[in-house]
Number of protein chains: 2
Amino acid sequence: MESTSARTDTCASAPKAHPRPEGQDRYTISEVVAFSGLTAHTLRWYERIGLMPHVDRSHTGQRRFSNRDLDWLAFVGKLRLTGMPVADMVRYAEMVREGDHTFTERQELLEATRRDVQARIAELQGTLAVLDFKIDFYGGARTAPERV
Amino acid sequence: MESTSARTDTCASAPKAHPRPEGQDRYTISEVVAFSGLTAHTLRWYERIGLMPHVDRSHTGQRRFSNRDLDWLAFVGKLRLTGMPVADMVRYAEMVREGDHTFTERQELLEATRRDVQARIAELQGTLAVLDFKIDFYGGARTAPERV
DNA sequence: CGCTTGCTTGGAGTGCACTCCAAGGTTCTA
DNA sequence: TAGAACCTTGGAGTGCACTCCAAGCAAGCG
């Protein structure tokens, strides 16, 4: 994975629900599809654009994903949920590959993402207020004018 | 506008910050651009796809938006923030045009949207936990392995 | 061995939500 | 009344994040 040391399933992500396909460290793409919920297309595409570390291959060239890859994918899934653009995730992946001297920059990227997420939550909570107002209107009076 | 009776600026939306361009009920498209933050392209597109009521025109065919239109636009903006697809917003607009017999269906659409928003908020809060974990990692130890 | 199912690739296609364009008419200010 | 700034249209183009395709190897089973 990434930050989470050698031990795999950290609190960090760990959907746990989908138990990792048993066996150790040599998953086929279809096993990863089952585990991650992504399509094989998307997994190959992630690799093409540099969002995945170079995935190991069998002697005939088929992908064999490791537990590390699965951890990374779980983290990427979380980043995706934040709404971070794929280009930024690729940038993050590049920084990880570049090594420790990008620590600060990575931290800043995650902090900016954190701020974006909190702003988005606030925005959504604002919409909840409007939705509740409208829903009450429909549930209650049903007399105020409406038009479009 | 819509649910909010004849009086315009309800608690429902009212960005209030952007004071409505003074003058009453005959705004040009550029005034609406300034007020709504949408582009003129988008306003015309909204009309084309049926997301706007038929906007009034000057004797030469130029659009003249009313306060009602501005209210509707503010509400549509909130729906957009929820992440509701444009197609669903169009459906909602159609139902409003169809009249009171769509009250229940409209209410259901808004309730479903509300549930989606709450699920999305929960999802985002889940990502915050991961982000905090990572940010702490970068801020603190700086010793755990990281790779991609 | 033959068969089915799975995996490979580059490149093209999809759906969404805009976003822009060209060519021309309108409105405003001096 | 001239010129700048604004408005109109249908249709084409953009950017994002996938999504799919065809043609051809690879893997596993009886």
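In what follows, chains carry the letters A, B, and so on, assigned in the order in which the sequence lines appear, proteins first and then strands, with residues in each chain numbered from 1. Note that the coordinates shown come from a computational prediction; the quantities given were computed from them, not determined experimentally.
- Contact annotation: Thr28(B) side-chain N/O to dC6(D) OP1/OP2 distance is not under 4.0 Å.
- Closest contact between the side chain of Thr42(A) and the listed nucleotides dC21(D), dC6(D), dC18(D) involves dC18(D).
- The separation between Glu47(A) atom CD and dG10(C) atom C1' is 14 Å, rounded to whole Å.
- A pairwise comparison of heavy atoms in Leu38(A) and Arg80(A) identifies CD2-NH2, 3.7 Å as the closest pair.
- Using a cutoff of 4.0 Å between basic side-chain nitrogens and carboxylate oxygens, Glu123(B) and Arg120(B) are scored as salt-bridged.
- Atom-to-atom, CZ of Phe65(B) to P of dT8(D) comes out at 7 Å; the value is rounded to the nearest Å.
- Arg57(B) comes within contact range of the sugar-phosphate backbone alone, with a heavy-atom separation under 4.0 Å but no base atom that close.
- Between Arg91(B) and Glu105(B), at least one side-chain nitrogen of the basic residue sits less than 4.0 Å from a carboxylate oxygen of the acidic one, meeting the salt-bridge criterion.
- If you take CZ of Arg80(A) and C1' of dA17(D), they are 10 Å apart, rounded to a whole angstrom.
- Listed candidates were dT27(C), dC21(D), dC18(D). Nearest to the side chain of Val86(A) is dC18(D).
- In this structure, CG of Leu43(B) is placed 15 Å from C1' of dC20(C), rounded to the nearest angstrom.
- In terms of phosphate contacts, Tyr46(A) brings a side-chain nitrogen or oxygen within less than 4.0 Å of OP1 or OP2 of dC18(D).
- Straight-line distance from the CD atom of Glu31(A) to the P atom of dT5(C): 18 Å, rounded to whole Å.
- With dC7(C), dT8(D), dC20(D) as the candidates, the nucleotide lying closest to the side chain of Ile29(B) is dT8(D).
- Comparing atom distances between the Ser30(A) side chain and each of dC7(C), dT8(D), dT26(C) picks out dC7(C) as nearest.
- Note: CZ (Arg63(A)) to P (dA26(D)) measures 15 Å, nearest angstrom.
- With the nearest nucleotide of DNA chain C identified for both Pro85(B) and Ser58(B), Pro85(B) has the one nearer the 5' end.
- Closest to the side chain of His41(B), from the set dC20(C), dT27(C), dC18(D), is dC20(C).
- When distances are taken from the side chain of Trp45(A) to each of dT19(C), dC21(D), dC18(D), the shortest belongs to dC18(D).
- For the pairing with Asp56(B), the salt bridge (charged side-chain N to carboxylate O under 4.0 Å, His left out) check across Arg26(B), Arg68(B), Arg64(B) returns one residue only, Arg26(B).
- No side-chain donor from either of Thr113(A) and Asp116(A) sits under 3.5 Å from a side-chain acceptor of the other.
- Nucleic acid contact class of Arg48(A) (heavy atoms, under 4.0 Å, all strands): base.
- Looking at which nucleotide of DNA chain D each of Arg44(A) and Met84(A) is closest to, the 5′-most match is held by Met84(A).
- For Gln62(A), whose side chain is taken as the heavy atoms from C-beta onward, the closest listed nucleotide among dC18(C), dT9(D), dC7(C) is dC7(C).
- Toward the 5' end of DNA chain D, the nearer of the two residues Leu38(A) and Arg64(A), judged by each one's closest nucleotide, is Leu38(A).
- Each of Glu108(A), Arg106(A), Glu111(A) was evaluated against Tyr138(B); a single residue qualifies, Arg106(A), per the side-chain hydrogen bond (donor to acceptor under 3.5 Å, both in side chains) test.
- Picking from dT19(C), dT8(C), dA27(D) the nucleotide with the shortest atom distance to the side chain of Thr60(A) gives dA27(D).
- For the pair His59(B) NE2 and dG25(C) P, the interatomic distance rounds to 16 Å; values are reported in whole Å.
- The distance from atom CD1 of Ile49(A) to atom C1' of dG10(C) is 16 Å, rounded to the nearest whole Å.
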